[in-house]
Amino acid sequence: ADIYSDAPSDEDAAANIYAFIDNYRWDNGRYIFAYDADSLENMANGANHRIIGRSSYDSQDKKGNYYARDIVNNAKAVPVGYSSYYFLNPSSQKIEEKISASFYFAPLNLVIATGEYISRLKQAKLDMALAAVKSSQYGVNGYFWVQDNEGKILVHPKEELVGTTVTISRDAAKAIV
């Protein structure tokens, strides 16, 4: 069933969309939000229901960018708009760059969006690379491991070594660089 097209009235269709956005969360707190495409009023928000009904037209990020205006303008300009802005990341407690993907839903004059912190995207990419290294081997008994620039082992087939520091290989790597 389509929560918009199958609704008995336009009002019910709008209520269905707003309820979906308000309640849909996934993967450790990710959420969707929606602005009225003209007023930039918060129409739905999966993370903070207290801001529904408030305009974000004059809202600025930590660097002074009018992030909501940018999200709406980008969504209306292309099928999927991308915007970058700076918010406090609740995980790191630091101001970090966040990127949002948004689209314009004409029947309700809504811009619907979601976002992710760049640091989280980079961490996911690093985790995938480390997993690939961990599962790789050469020959019968050969394996690979990864250390950071301080010699801390980030990935190793012997789990008990992960997190330890090996100064010999750290010092050898520094001598090469």
Side-chain angles (χ1 to χ4, degrees), residues 1-4 13-136 146-150 152-155 159 162-163:
D2 182 316
I3 64 172
Y4 181 78
N16 289 345
I17 295 293
Y18 298 147
F20 176 82
I21 293 169
D22 285 341
N23 294 298
Y24 189 75
R25 302 283 298 241
W26 75 99
D27 200 18
N28 296 320
R30 290 179 172 99
Y31 62 95
I32 304 170
F33 56 96
Y35 297 118
D36 176 89
D38 294 328
S39 68
L40 278 69
E41 178 182 338
N42 289 278
M43 302 303 292
N45 190 299
N48 185 355
H49 296 161
R50 294 183 311 261
I51 66 171
I52 294 172
R54 294 186 199 161
S55 176
S56 288
Y57 185 82
D58 289 325
S59 296
Q60 295 175 291
D61 71 3
K62 297 297 183 180
K63 292 195 172 191
N65 301 308
Y66 292 97
Y67 64 90
R69 294 180 195 179
D70 190 49
I71 290 169
V72 169
N73 289 336
N74 288 335
K76 290 172 81 174
V78 294
V80 177
Y82 293 94
S83 304
S84 172
Y85 47 95
Y86 293 82
F87 271 12
L88 176 69
N89 183 335
S91 298
S92 69
Q93 293 299 306
K94 295 179 182 174
I95 302 300
E96 295 184 17
E97 184 178 13
K98 191 171 186 177
I99 188 167
S100 280
S102 56
F103 69 94
Y104 178 60
F105 185 65
L108 293 178
N109 193 38
L110 282 182
V111 168
I112 301 171
T114 190
E116 183 62 273
Y117 288 96
I118 297 294
S119 63
R120 189 162 174 170
L121 296 171
K122 287 179 180 178
Q123 185 62 50
K125 192 174 184 181
L126 176 62
D127 291 346
M128 288 187 325
L130 292 175
V133 169
K134 183 178 179 180
S135 66
S136 299
V146 177
Q147 290 176 249
D148 68 10
N149 60 349
E150 296 301 317
K152 180 179 171 185
I153 296 178
L154 303 177
V155 67
E159 288 293 327
V162 174

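Please read these numbers as outputs of a predicted model, since none were measured by experiment.
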In Å, rounded to the nearest 0.5 Å, how long is the span from [atom1] of [X] to [atom2] of [Y]?
{"X": "Asn23", "Y": "Tyr18", "atom1": "CG", "atom2": "OH", "result": "14.5 Å"}
{"X": "Tyr82", "Y": "Ile99", "atom1": "OH", "atom2": "CD1", "result": "7.5 Å"}
{"X": "Ile112", "Y": "Tyr104", "atom1": "CD1", "atom2": "OH", "result": "11.0 Å"}
{"X": "Asn89", "Y": "Glu96", "atom1": "CG", "atom2": "CD", "result": "4.0 Å"}

In terms of side-chain geometry, is the basic nitrogen of Lys98 or Glu116 positioned less than 4.0 Å from the acidic oxygen of its partner? no
Could you tell me whether Asp58 and Arg69 make a salt bridge, using a distance below 4.0 angstrom between a side-chain N and a carboxylate O? yes
Give me the one residue out of Ile71, Asn74, Val111 that meets side chain to side chain contact (heavy atoms under 4.5 Å, CB included) with Ser100. Ile71
Parallel, tilted or perpendicular: ring planes of Phe105 versus Phe103, cut at 30 and 60 degrees: perpendicular
For the backbone of [Y] and the side chain of [X], can you confirm whether one donor and one acceptor N or O come within less than 3.5 Å of each other?
{"X": "Asp27", "Y": "Arg30", "answer": "no"}
{"X": "Asp61", "Y": "Tyr85", "answer": "no"}
{"X": "Tyr117", "Y": "Leu88", "answer": "yes"}

Taking it one step at a time, do Ser83 and Tyr67 satisfy side-chain hydrogen bond (donor to acceptor under 3.5 Å, both in side chains)? CA-CA 8 Å; Ser83 304; Tyr67 64 90; over 6 Å; no
I want to know whether Phe33 and Tyr35 have ring centres closer than 6.0 Å. yes
Taking the six-membered ring of Tyr86 (Phe, Tyr or Trp), confirm whether the NZ or CZ of Lys63 is under 6.0 Å from its centre and within 45° of its axis. yes
Between Ile21 and Ala44, what is the shortest heavy-atom contact and its length? CG2-CB, 3.5 Å
